[in-house]
Amino acid sequence: MMAKAQDVWTVIRLLQWSTDYLKSKGIDNARLNVERMLCKVLNLDRIHLYLHFDRPLTKSELQAFKALLLRRARNEPLQYILEETEFYSLPIKVGPGVLIPRPETEVLVDRAMNVARSFPPPIRLLDVGTGTGAIAIALAKHLPEARISAIDISDAALKLAHENAQRNDVVSRLELRKLDILSPLPAGWPPQRFHMVVSNPPYVAPEEKDTLAPEIVEFEPHEALFCQQPLQYYERLAGLGPRLLEPEGWLLCEIAPHRTEAVRELFVQHGFHEVEVFPDLAGKARVIQGRMSSKRKGGDNNESEHLS
Ligand code: GLN
């Protein structure tokens with residue numbers, strides 16, 4: 001006997017039902033989320049999904065889709081479910097334990113590129129807390145003569161960053177290293193100072209936890225989001241200026257908009273000049289850049305023994 005029309009889960013019927021379901025769970029952009037998950041399960045792009053509205057799903061396709069739908073209904077970020085996102089128009093693999101690259105961080109890449117072009121190549125660049133490698137890879141892609149180093153404390157992040165570098169064909173120009181920027185730096189590192197240091201450090205204070213969406217707090221790595229003291233990473237990076245940066249080298253960081261003035265002051269206190277702040281696409285202050293004074297010499301006191 002043939003199944004009745006209403007028993008058959010076609011693409012369109014599933015789209016409609018699942019969109020209502022996600023909406024009832026309070027998920028924003030429910031329809032788009034459902035389309036993207038269905039595309040993944042059926043291995044189709046969105047155009048082809050639309051061209052196959054009447055296609056019935058097999059039992060195993062339905063099961064696979066249901067598993068993804070339930071994950072999304074429990075607030076898991078769509079990017080983790082799809083295992084991929086786009087950053088600076090590049091495909092970036094994402095996974096548990098590693099922060100999902102944000103669109104606002106593209107502003108940091110824009111600024112870094114702008115500054116990089118003021119140096120004669122080859123420019124040396126360091127990305128601190130690289131995560132998926134998104135920033136470093138975008139820079140490597142657009143600055144073909146740059147030599148880029150990227151560090152992170154997380155093994156999961158370094159593994160993913162390596163995969164992303166492979167996928168985007170920049171593996172030979174990206175050096176990844178496990179390193180905690182808050183700990184004393186290893187002797188002899190870096191072998192040469194950088195022209196630019198970029199970082200999107202953890203900058204959410206623990207007491208600001210409630211301001212974050214459940215997707216973020218429940219699923220993204222807290223070590224990439226939260227800092228014990230709001231300024232600790234900026235203080236450390238600015239303090240390491242002479243150790244990490246060439247004279248007149250640049251430090252560029254992503255910031256929380258409400259900490260702009262505090263971070264600016266800190267940059268200035270540490271002898272950075274040409275300090276400027278740039279907004280993200282939502283108009284919020286998001287990136288700060290400053291140039292180290294060529295008069296600053298030597299490293300942090302407790303690390304001067306490592307200076308070459
Ligand atoms: N902008 C991120 C968020 O609030 C935080 C990223 C970070 O701490 N570097 O989702």
Side-chain angles (χ1 to χ4, degrees), residues 26-29 33 72 75-82 85-88 92 94-112 126-139 150-154 156-158 160-161 164 179-182 197-238 240 251-264 266-267 277-290:
I27 304 289
D28 287 339
N29 301 317
N33 277 241
R72 189 67 192 99
N75 285 325
E76 185 168 342
L78 181 66
Q79 295 93 325
Y80 283 154
I81 296 171
L82 300 176
T85 191
E86 220 178 64
F87 181 80
Y88 226 79
I92 298 290
V94 299
V98 188
L99 193 83
I100 299 166
R102 301 349 198 200
E104 59 266 29
T105 304
E106 294 180 348
V107 176
L108 182 61
V109 176
D110 280 339
R111 296 316 316 167
L126 171 68
D127 178 17
V128 177
T130 196
T132 58
I135 298 170
I137 290 166
L139 290 171
I151 59 173
D152 207 291
I153 42 167
S154 152
L158 291 167
L160 215 47
N164 280 321
L179 218 150
D180 176 3
I181 197 68
L182 296 181
V197 173
V198 298
S199 183
N200 174 18
Y203 57 66
V204 183
E207 62 272 18
E208 293 166 346
K209 191 172 165 187
D210 295 343
T211 63
L212 299 178
E215 270 91 343
I216 302 175
V217 180
E218 288 167 30
F219 290 92
E220 295 204 80
H222 286 190
E223 64 181 357
L225 287 167
F226 296 109
C227 47
Q228 280 163 350
Q229 292 144 23
L231 300 178
Q232 73 186 125
Y233 284 91
Y234 305 103
E235 177 105 56
R236 175 68 173 158
L237 289 168
L240 282 173
L251 174 60
L252 282 81
C253 294
E254 183 168 321
I255 51 170
H258 61 287
R259 298 235 179 70
T260 308
E261 286 321 309
V263 180
R264 189 203 298 270
L266 212 145
F267 269 44
V277 173
F278 299 90
D280 61 21
L281 292 178
K284 293 181 178 167
R286 189 61 69 183
V287 170
I288 189 163
Q289 70 181 40

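All values derive from a computational prediction rather than experimental measurement. Ligands are counted one by one from 1 in listed order, and the atoms in each one are counted from 1 as well.
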Task: Residue-ligand contact Glu220/ligand 1, heavy atom below 4.0 Å - done: no
Open item on the list: For atom 8 (O) of ligand 1, what's the nearest protein heavy-atom neighbour? Residue, atom name and distance, please.
Closed with: Tyr203 N, 3.1 Å
Task: Nearest candidate to atom 9 (N) of ligand 1, where distance is taken over non-hydrogen atoms, out of Ala205, Ala213, Ala224, Pro201 - done: Pro201
TODO: Using a 4.5 Å cut-off on heavy atoms from C-beta on, say whether the side chain of Glu215 contacts that of Arg72.
DONE: yes
Open item on the list: Could you tell me, atom by atom, which parts of ligand 1 come under 4.0 Å of a heavy atom of Pro202?
Closed with: 8 (O)
Task: Atom indices of ligand 1 within 4.0 angstrom of Ile216 heavy atoms, with elements - done: 10 (O)
TODO: Return the residue, atom name and 0.1 Å-rounded distance of the protein heavy atom closest to atom 4 (O) of ligand 1.
DONE: Leu212 CD2, 3.6 Å
Open item on the list: Distance check, rounded to the nearest 0.5 Å: Ile100 atom CD1 versus Leu78 atom CG?
Closed with: 8.5 Å
Open item on the list: Checking a contact table here: which protein heavy atom is nearest atom 2 (C) of ligand 1, and how many Å away?
Closed with: Arg102 NE, 3.8 Å
Task: side chain to side chain donor-acceptor pair (under 3.5 Å) partners of Glu208, counting only residues at least two apart - done: His258, Arg259
TODO: Would you give the length of the straight line joining atom CD1 of Ile135 to atom CD of Glu254, rounded to the nearest 0.5 angstrom?
DONE: 7.0 Å
- [ ] Mind checking side chain to side chain donor-acceptor pair (under 3.5 Å) for Tyr88 and listing every partner two or more places apart, or none if nothing turns up?
- [x] Asp110
Task: Gap between atom CD of Glu261 and atom CG of Leu266 - 0.5 Å precision - done: 12.0 Å
Task: Contact atoms of ligand 1, heavy-atom distance to Glu104 under 4.0 Å - done: 1 (N)
